[in-house]
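Start at 1 and go down the list; that is how both ligands and their atoms are numbered.
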Amino acid sequence: MTQIPQDHPRYKSLITRENTVEGVEKGITSIQGLIAQGRGEAFDYLIGECSTDSAKQAERVAVSYLFIAENPVISVNGNTAALVPDELVVLSDITGSSLEVNLFHRSKKRIDRIVEHLESHGARNVLGVKGDSTLDLSHDRRLVDHDGIYGADVVLVPLEDGDRCETLSKMNKVVIAIDLNPLSRTSRCANVTIIDNITRAFENMLQHADEMKSFTDDQFKDIIDNYDNNQVISSALHEIENRLKTLSKEFGKT
Ligand code: ATP
């Protein structure tokens with residue numbers, strides 16, 4: 001991995017980029033995953049490379065859903081596995097969620113590599129190898145495990161493609177998306193849209209999960225009932241708008 005000096009002003013972002021490249025080199029992440037990462041970086045610049053208040057609110061609601069669900073599943077693709085392997089394992093352990101590998105560019109070799117990678121970070125019973133059920137989709141993301149995503153009531157889909165998100169919503173599952181692009185189809189069709197970098201989103205969700213692990217179901221329901229996802233997407237767009245307005249004024253003065 002290229003050495004990034006720790007005092008570099010964009011250290012975190014560059015490390016994330018390096019981890020994605022390493023994911024490709026290990027055969028975990030698809031080459032197309034690099035393009036997705038680049039698109040995410042562009043939106044992260046617009047957001048200001050920090051977790052906004054509305055993102056933190058969505059992250060809290062996401063954790064509430066995972067705790068309250070009967071069969072929660074965290075879907076894992078190649079970028080997610082490369083960027084947050086430890087965090088995936090801890091979040092799944094605390095909230096009792098299953099991990100299931102689900103890939104657009106699916107091959108047995110890549111699925112096996114991701115499973116092994118997650119296991120090397122402490123995961124057990126990773127789903128997704130069987131792919132014994134199908135969603136109403138024409139690409140390989142249709143292949144899911146019957147005991148996993150197919151029967152799940154809540155699915156966390158980090159860095160998703162819009163098609164599957166829509167299909168899962170139509171199956172009346174609660175879909176939680178993590179996507180830096182507030183305008184993607186995924187962001188617009190999820191029940192909970194976390195507009196944040198996946199690295200920060202998992203860090204925040206783990207903190208919330210630790211704080212909330214002894215909450216009652218009524219407390220979780222209260223948090224969920226007071227949540228408005230359209231408002232969160234609108235806030236993210238306003239935050240970008242305000243940031244651009246402020247920056248354009250600053251440049252206008254010079
Ligand atoms: P849609 O079909 O929903 O419109 P898309 O075609 O843009 O989505 P992909 O190309 O699969 O979907 O991209 C995945 C999404 O993940 C992109 O919208 C991108 O902004 C987002 N993304 C990439 N890297 C990160 C990251 N590190 N953290 C959060 N989001 C990210």
Counting from 1, what ligand 1 atoms have a heavy atom of A36 closer than 4.0 Å?
13 (O), 19 (C), 22 (N), 23 (C), 24 (N)

Among protein heavy atoms, which sits nearest to atom 5 (P) of ligand 1, and what does the distance come to when rounded to 0.1 Å?
R39 NH1, 3.5 Å

When you compare ligand 1 with L180, is there at least one nitrogen or oxygen pair between them that comes in under 3.5 angstrom?
yes

Around atom 1 (P) of ligand 1, find the nearest protein heavy atom and jot down its residue, atom name and distance.
G162 N, 3.5 Å

Kindly confirm or rule out an N or O of L83 lying under 3.5 angstrom from an N or O of ligand 1.
no

Atoms of ligand 1, numbered as shown, that sit under 4.0 Å from any heavy atom of T186:
1 (P), 3 (O)

Is it the case that D44 and N197 place a side-chain donor and acceptor less than 3.5 Å from each other?
yes

Kindly check if the number of other-residue, nucleotide or ligand heavy atoms within 6.0 Å of CG (N125) is above 12?
no

Crowded around F43 CZ? As in, over 12 foreign heavy atoms under 6.0 Å?
yes

Parallel under 30°, tilted from 30 to 60°, perpendicular over 60°: which one fits the rings of H139 and F104?
tilted

Residues S51, N204; criterion side chain to side chain donor-acceptor pair (under 3.5 Å); working and verdict
CA-CA 9 Å; S51 300; N204 295 338; 3.0 Å; yes

Could you tell me whether D196 and K56 have a side-chain N and a carboxylate O separated by less than 4.0 Å?
no

Do E119 and R124 sit within salt-bridge range, that is, some charged N less than 4.0 Å from a carboxylate O?
no

For ligand 1, note which part of E160 has a heavy atom under 4.0 Å away: side chain, backbone, both or neither.
backbone

One finds that the ligand 1 atoms under 4.0 Å from a non-hydrogen atom of R185 are 1 (P), 2 (O), 3 (O), 4 (O)

Taking only heavy atoms of N197 into account, list the atoms of ligand 1 that are under 4.0 Å away from them.
26 (C), 27 (N), 28 (N), 29 (C)

Which ligand 1 atoms are under 4.0 Å away from a heavy-atom of N181?
18 (O), 20 (O)

Is any NZ, NE, NH1 or NH2 atom of the basic residue among R200 and E49 found under 4.0 Å from an Asp or Glu carboxylate oxygen of the other?
no

Which residue holds the protein heavy atom closest to atom 28 (N) of ligand 1, what is that atom called, and what is the gap in Å?
I198 N, 2.9 Å

Has the side chain of D179 got a donor or acceptor atom that lies under 3.5 Å from a matching backbone atom of N181?
yes

What is the closest protein heavy atom to atom 24 (N) of ligand 1, and at what distance does it sit?
Q37 OE1, 3.4 Å

D196: heavy atom below 4.0 Å from ligand 1, yes or no?
yes

Run down the list L183, D179, I35 and name the one with the heavy atom closest to atom 15 (C) of ligand 1.
D179

Candidates T80, D44, L159, D161; heavy atom nearest atom 30 (N) of ligand 1 found on L159

For the CG atom on D136, are there more than 12 heavy atoms of other groups (residues, nucleotides or ligands in this structure) within a distance under 6.0 Å?
no

